[in-house]
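Residues: numbered from 1 along the sequence shown.
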Amino acid sequence: MQSIGQALEQSGRFSRAASADLAQTILADPEIAAFIKANHLTEREIKISFSKFNQFLGERQKFRDGDPTYSAKGYQPILVMNEGYADVSYLETSELIEAQKKLAIANRINLVNLPKSYRNITMADFDINNESRMIALSALLDFVEAYPANGQKGLYLYGDMGVGKSYLMAAMAHELSEKKGVATTLLHFPSFAIDVKNAISDGSVKDEIDAVKKVPVLIIDDIGAEQTTPWVRDEVLQVILQYRMLEELPTFFTSNYSFADLERKWSNIKGNDETWQAKRVMERVRYLAKEFHLEGVNRRQ
């Protein structure tokens, strides 16, 4: 029976010595040898697989060297059986799988007028240096652990500027995406209020509001910092909160205002006494979220 070296020599591509050396090199490769053994390849099957073995060695070398000419970026070459002989296929690397996982997590975090970097914040990034920060972190972790559960309430984080309220909420959104595959929308409310006002001109106000009020988990960031008008308070915010209250959709808030301060602000718009209207909106905020004061230093300074 013809040896592999003889078969190569007869192909006209190699001399006898070169053919024998190449055959020996290929068959001595541990991965190829293990593949031949695992698949019980006959001498004939080895011979017709020889070009694929050679291709595999070349592709593997490019992959290991990070050769720029290697076309299957993120995939490593492997040997597979294909109708009775060896063939080269490609398998996702652990690095690619991890990158795809991180991208999927980030894509479930919908940011509206907030920095893109918020998609990559994790709970481990949050600085715990006082009791209030530990309690807030624990409450959000408990929420993620229990989600989805009937009647879950959100958290209304208020405190001074720069203490990490939005940062912590972004970390919770990342945790929800990673652990539960849940989509979260983080909405900068002052910017959203402007967008909704601008939508009046093209009649898309309802679409803007509907897109927000129906999301699985909503974080309304910096509430109270918007230019307050009765229309924004009653026809935009209250509509969103009313829907989420009736549908029991988890809703979170960040603010520089406590509940009492926010109600006072909404009660007096341009010198008008709107106490009753403000109380109506605050009832919905209180129903949806528990007030919590987050303490800390201003990290923006």
Donor-acceptor check, side chain of [X] to backbone of [Y], threshold 3.5 angstrom: yes or no?
X: E263; Y: A260; value: no
X: K290; Y: G154; value: no
X: K153; Y: Y287; value: yes
X: T93; Y: L96; value: yes
X: T254; Y: D222; value: yes
X: N130; Y: E295; value: yes
X: R244; Y: V215; value: yes
X: R280; Y: W276; value: no
X: N39; Y: F35; value: yes
X: R133; Y: D127; value: yes

Note, [X] side chain near [Y] side chain (heavy atom, < 4.5 Å):
X: V112; Y: L186; result: no
X: I109; Y: H174; result: yes
X: F192; Y: E226; result: no

Near-ring test Y156/F259, centroid separation under 6.0 angstrom
yes

Give a yes or no on this: more than 12 heavy atoms of other residues, nucleotides or ligands lie within 6.0 Å of atom CD of E247.
yes

Within a reach of under 6.0 Å around CD of E145, are more than 12 heavy atoms found that belong to other residues, nucleotides or ligands?
no

[X] versus [Y], closest heavy-atom pair with distance:
X: Y147; Y: P216; value: OH-CB, 4.1 Å
X: D160; Y: V163; value: O-CG2, 3.3 Å
X: N113; Y: H188; value: O-CB, 3.4 Å
X: R284; Y: Q242; value: NE-OE1, 2.7 Å

Give a yes/no verdict on a cation-pi contact between K73 and F63, requiring under 6.0 Å between NZ or CZ and the six-membered ring centre and an angle within 45° of the axis.
no

Should L237 and I223 be marked as a side-chain contact (heavy atoms from CB on, under 4.5 Å) after you check the CA-CA gap, both sets of side-chain angles, and the distance that decides it?
CA-CA 10 Å; L237 181 60; I223 192 169; 3.7 Å; yes

Please test D261 against S258 for side-chain hydrogen bond (donor to acceptor under 3.5 Å, both in side chains), starting from the C-alpha separation and ending with a verdict.
CA-CA 5 Å; D261 290 339; S258 66; 3.3 Å; yes

dist I36:CD1 -> S49:OG (nearest 0.5 Å) comes out at 8.0 Å

Carboxylate-amine/guanidinium contact [X] [Y], below 4.0 Å:
X: E283; Y: K279; value: no
X: E178; Y: R108; value: no
X: D65; Y: K62; value: no
X: R60; Y: E31; value: yes

Identified side-chain hydrogen bond (donor to acceptor under 3.5 Å, both in side chains) partner of R233 from the options Q277, Q238, E274:
E274

